[in-house]
Amino acid sequence: MLMPSAIFLETSSPAGPPLLQVHDQDLTSLNTLGLRSRARALVRYSAAEQLPLLSELASHYDTAMVLGGGSNVVLAPQLDCLVVKVESRGIELVDESKDAWIIEAQAGEVWHDFVAHCVSQGWNGLENLALIPGTAGAAPVQNIGAYGVELDQRFHSLVAWDLHTGRLLEMGPDDCRFSYRNSFFKQSEPGRWLITALRLRLPKAWRPALDYPDLRQHPSLQEGAAAVTARRVFDAVCEVRRRKLPDPAVLGNAGSFFKNPVVDAAAFSALKAAHPDLVAYEQAGGRAYKLAAGWLIDRAGWKGRRLERVGVHDRQALVLVNHGGADAHDIQRLADAIKADIQARFGVALEQEPVQVR
Ligand code: EPU
């Protein structure tokens, strides 16, 4: 399963901050959905020197689970694995050519703070990805994206520790196999890979990415691309997200709960004929269409609905929320009901976006 082009790196000496194992750890505050969950044990990773010891520790468990900001997971009530909470920090300009900056973030950096730091340094290109919850190390796993930019467009390379073989690898874009909200890491065995550092390539020839309707129509971005700065795009993205998406600190959620489904041209035409206001984006030169799942769920009447402790957000139907005290079973029941309804009404299969951890 290893990628031919991945490069093995030498690991450093075993010294480093101690790895403290906490048994029977409550994870409720460590996942943004706020689902009630406990883990058999948790360790906090903060420095590369700890990696060999981490593999040794993980070998005593059936599986490990790597946890960043906990913003893209649905955690089962009881996890019988070793949870590795990634808390390594550091941002560095590691290389600069006349064309681009190469910026490296340690995996535990908070993604939004990293974006804000880059914009403040004049390293432009990440501003459309402002306010996405989670960590830098988790960003490539689901190939985060928003407002017309996806991580793979800015990706240079990453460093990952293979917990099974105890080896450190440098991986390029081909190794990572990015696609829409997907990557090699999302497809491989759970708990095998710990991404330790992310490197992005930010071209100096910057142009604002303003194609996405919410930005194109934004009142603060009407002066034309030449007058727009990265700071203004950053501020506009923050404003749109704060207006449309619930803050996990206030109302538990994991962002979009479903992917936008891709259907073929024939299925799209039939749906469009029945629902002229259907929102969809052309793909692959018109051979496929990506449907706005939020539109489908909204149209089916789910927006703002509540099922006991969980519900559908009242401003964005693609976001499921925890009204308090919910666990993975509550979320599963609601997600299953929505999926069945969308299949019955539109003949479209919805696919869950956050990773299910059992
Ligand atoms: N829509 C509705 N009702 C709703 C929600 C959306 O009719 O309740 C319609 C909107 O009017 C719009 C269309 O659906 O015409 C698309 O909605 P929106 O612009 O809010 O984006 P999205 O497709 O629902 C995706 C990403 C988001 C990302 C936004 C902006 C996925 C699964 N989600 O959502 O990512 O922030 O675009 O780029 O691709 C995430 O992944 O967690 C996430 C929040």
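What you see below is based on every heavy atom in this structure, not just the backbone, and it leaves out hydrogens, waters and symmetry mates. Every number for a ligand or one of its atoms is a count from 1 in the order of the listing.
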Notebook entry, point to check: Does NZ or CZ of Lys339 come closer than 6.0 Å to the centre of the six-membered ring of Phe258, within 45° of the ring's axis?
Noted result: no
Check: Lys259 to ligand 1: N or O pair under 3.5 Å?
Finding: no
Check: Ignoring hydrogens and geometry, is there a side-chain-to-backbone donor-acceptor pair from Arg38 to Asp24 under 3.5 Å?
Finding: yes
Margin query: Give the atom numbers and elements of ligand 1 that come within less than 4.0 Å of a heavy atom of Tyr281.
Written below: 13 (C), 16 (C)
Note to self: By the definition side-chain contact (heavy atoms from CB on, under 4.5 Å), identify the one residue from Leu251, Ile331, Val310 that meets it with Val321.
What the structure shows: Leu251
Margin query: Pairs of nitrogen or oxygen atoms closer than 3.5 Å, one from Arg315 and one from ligand 1: do any exist?
Written below: no
Note to self: I need the full list of side-chain hydrogen bond (donor to acceptor under 3.5 Å, both in side chains) pairs touching residues 247-257, with sequence neighbours left out, sorted by first then second residue.
What the structure shows: none
Next item on the list: Report the part of Ala317 in contact with ligand 1, treating N, CA, C, O as backbone and CB onward as side chain, heavy atoms under 4.0 Å; options are side chain, backbone, both, neither.
Entry: both
Check: Going by the order shown, which atoms of ligand 1 are within less than 4.0 Å of some heavy atom of Arg181?
Finding: 26 (C), 27 (C), 31 (C), 33 (N), 35 (O), 39 (O), 40 (C), 41 (O), 43 (C)
Checklist line | Salt bridge Glu239-Lys244, side-chain N to carboxylate O under 4.0 Å | finding: no
Next item on the list: Identify, by atom number and element, the atoms of ligand 1 in contact range of Tyr180, meaning under 4.0 Å from any of its heavy atoms.
Entry: 31 (C), 32 (C), 39 (O)
Item checked: Summary of side-chain hydrogen bond (donor to acceptor under 3.5 Å, both in side chains) pairs that have at least one residue in residues 304-318, sequence neighbours excluded -> Arg309-Asp330
Item checked: Per-atom contacts, ligand 1 versus Phe258 - under 4.0 Å to a heavy atom -> 32 (C)
Next item on the list: Could you tell me whether Gln142 approaches ligand 1 through its side chain, its backbone, both or neither, with non-hydrogen atoms closer than 4.0 Å?
Entry: neither
Note to self: Under a 4.0 angstrom heavy-atom cut-off, which atoms of ligand 1 come close to Ala146?
What the structure shows: 36 (O), 38 (O)
Check: Checking Glu127 side chain against Gly125 main chain: does a donor-acceptor pair fall under 3.5 Å?
Finding: yes
Item checked: Atom indices of ligand 1 within 4.0 angstrom of Leu318 heavy atoms, with elements -> 24 (O)
Next item on the list: Run the salt-bridge test on Lys290 and Glu282 with the 4.0 Å N-O cut-off and return the result as yes or no.
Entry: no
Item checked: Winner among Ser256, Ala293, Gly304 once heavy atoms are compared against atom 40 (C) of ligand 1 -> Ser256
Checklist line | Closest protein heavy atom (residue, atom, distance) for atom 14 (O) of ligand 1 | finding: Ala292 CB, 3.4 Å
Next item on the list: Could you list the atoms of ligand 1 found under 4.0 angstrom from a heavy atom of Arg241?
Entry: 36 (O)
